[in-house]
Engineer: 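Structure below; questions to follow.
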2 protein chains.
Amino acid sequence: MLTIGDLSRATGVKIPTIRYYEQMGLMAAAERSGGNQRRYESHDRERLSFIKHARDLGFTIEAIRELLELSAHPDRPCVDADEIAVRQLQSVRNKIAKLRLLEKELDRMTSRNHDDQVKHCYVLRSLANHDMCVSEH
Amino acid sequence: MLTIGDLSRATGVKIPTIRYYEQMGLMAAAERSGGNQRRYESHDRERLSFIKHARDLGFTIEAIRELLELSAHPDRPCVDADEIAVRQLQSVRNKIAKLRLLEKELDRMTSRNHDDQVKHCYVLRSLANHDMCVSEH
DNA sequence: CATAATAGCTATAGATACTGGAGGAACACA
DNA sequence: TGTGTTCCTCCAGTATCTATAGCTATTATG
C-alpha cells in the first residue's frame, strides 16, 4: 500500500495534482485508511505514470481520458489511439511552426537594436508597426 | 470617436478582451458616452495594436506593461526594452527545443503503430512505458 | 416619430491545468 | 506518550481570456 506521498515521489506528480486528477475522474477515488487517508496500489502508480507521461507530451486531460478509456478495452481498434496521437503530433508541429516565425521576428528585433534611447528603439518600433515584420505570424 | 466594436474590428481583439485589458490596466479607462458606452480615439487603437502584436509574439501581460511603460519614456535606455525581447526570444527557443523532442516521440509512436488492436498498440505501450522513449523530454 | 435590430453595459462564472495556504487530524517512530 | 512529518478538506489564486444573463443605448428604417 502506498500513501499519496509515496505515489507522488514514485511518479513525480505533485500531491495536490494527484488529488486534482481524482477530482477530474482521471484517477479512481482511492481507498481510504481508517483515518481517511488515501491508500494506493501499484496499478495506481502505473496509471498515474501513464497520465504523467502523456501530460509531459502535451496531451490534454480530455485526450488522456480517451486514451485511458481505450486501453481499458483491449479489443478496440488501435486506430483510435493512433488518431489521438496523430492529432497531438500535428498540434505540436503547428506550435513549432508558429514559434519559428516568432523566433525570426524576435531575432530581427533584438539583433538590429543598436541605438541607445527608447525613442529610437527597434524593438518598440517593431511592436508598434506590424508592417516591419518579415513574415505573417 | 470609435466604439468598442470599431476598435475590435480595427485591431482583431475581441470586445471582452478589450474590457479585460482595461481592467488589467493595460488600456486606460475609456471615456464614456452619455449612455455610459466606451468611446475611443485613434491613439487607443495604436496602443491596442501594440498590445495585440506583443501578445501574438507571446509576451506576457506583465512584459507588455513594462514595454508600454518604456515607450512612454523616450529618454530611457533602449537596452531595457531589448532585454525584455531577448528574454522572450530565449523563452521561444526553449519552447521550440522542447516541442522538437515531443515531436520526435510522437512521430516514433505513430509511425510504428501498425497493429490493429489496442492490446498491441504502440502508442499506448509507449505512454505506459517511458523507457521506450528515444530522448529525455 | 415609433419600432426593431444591433451593439453595448455590468457582474459573474467557466475554461485549463494546476498550485498553494490555512487549520486541523492522522500516522510513524522512539 | 510525545514529537515531527504527512495527510485531510476547503478555498483562493494563477494567466488569459471567453461566455452567459439580464439589462440599456444607439442606430436604421418605415
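In what follows, every chain begins at residue 1, and chains take the letters A, B, ... in the order their sequences are listed.
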Engineer: Nearest whole Å is fine: how far is D:dC17 P from B:M27 CE?
Structural biologist: 14 Å
Engineer: Once you round it to whole Å, what is the distance between P of C:dC27 and CD1 of A:I4?
Structural biologist: 14 Å
Engineer: Can you find a pair of side-chain heavy atoms, one from B:I64 and one from A:L127, that are under 4.5 Å apart?
Structural biologist: no
Engineer: Which one, C:dC18, D:dC7, D:dC17, comes nearest to the side chain of B:I61?
Structural biologist: D:dC17
Engineer: By nearest nucleotide on DNA chain C, pick out whichever of A:R39 and B:R9 is the more 5' one.
Structural biologist: B:R9
Engineer: Would you give me the side-chain donor-acceptor pairs under 3.5 Å for residues 45-52 of chain B, sequence neighbours excluded?
Structural biologist:
| residue | atom | partner | partner atom | Å |
| --- | --- | --- | --- | --- |
| B:R47 | NE | B:L26 | O | 2.8 |
| B:R47 | NH2 | B:L26 | O | 3.0 |
| B:S49 | OG | B:R45 | O | 3.0 |
| B:K52 | NZ | B:D56 | OD1 | 3.4 |
| B:K52 | NZ | B:D56 | OD2 | 3.2 |

Engineer: Between protein and nucleotides 18-25 of chain D, what N or O pairs are separated by less than 3.5 Å?
Structural biologist:
| residue | atom | partner | partner atom | Å |
| --- | --- | --- | --- | --- |
| D:dT18 | OP2 | B:T17 | OG1 | 3.2 |

Engineer: Tell me the side-chain hydrogen bond (donor to acceptor under 3.5 Å, both in side chains) pairs involving residues 83-92 of chain A, sequence neighbours left out?
Structural biologist: none
Engineer: Which whole-number value in Å describes the distance from A:I51 CD1 to C:dT16 C1'?
Structural biologist: 16 Å
Engineer: Take the protein atom CD1 of A:I18 and the nucleotide atom C1' of C:dG20, then report the distance between them rounded to whole Å.
Structural biologist: 16 Å
Engineer: For the pair made of CD in B:Q23 and C1' in C:dT10, what is the distance, rounded to whole Å?
Structural biologist: 11 Å
Engineer: Whole Å only: how far is the CD1 atom of B:I15 from the P atom of D:dC17?
Structural biologist: 15 Å
Engineer: Taking the side chain as every heavy atom from C-beta outward, state whether A:K14 and A:I18 have any pair of such atoms under 4.5 Å apart.
Structural biologist: no
Engineer: Who pairs with A:Q23 by side-chain contact (heavy atoms from CB on, under 4.5 Å), at least two apart in sequence or on another chain?
Structural biologist: none
Engineer: Provide the full list of side-chain hydrogen bond (donor to acceptor under 3.5 Å, both in side chains) pairs with a residue in residues 29-40 of chain B, sequence neighbours left out, each pair given once.
Structural biologist: B:E22-B:R38, B:R32-B:N36, B:Q37-B:R39
Engineer: What residues form a side-chain contact (heavy atoms from CB on, under 4.5 Å) with A:D6, not counting sequence neighbours?
Structural biologist: A:L2, A:T3, A:R9
Engineer: Provide, to the nearest angstrom, the distance between the CG atom belonging to B:L2 and the P atom belonging to D:dT26.
Structural biologist: 16 Å
Engineer: Quick one: label B:Y21 by what it contacts on the DNA or RNA (base, sugar-phosphate, nothing), any heavy atom closer than 4.0 Å.
Structural biologist: sugar-phosphate
Engineer: Less than 4.0 angstrom between a side-chain N/O of B:R32 and OP1 or OP2 of C:dT10, yes or no?
Structural biologist: yes
Engineer: Take the protein atom CE of A:M24 and the nucleotide atom P of C:dC18, then report the distance between them rounded to whole Å.
Structural biologist: 10 Å
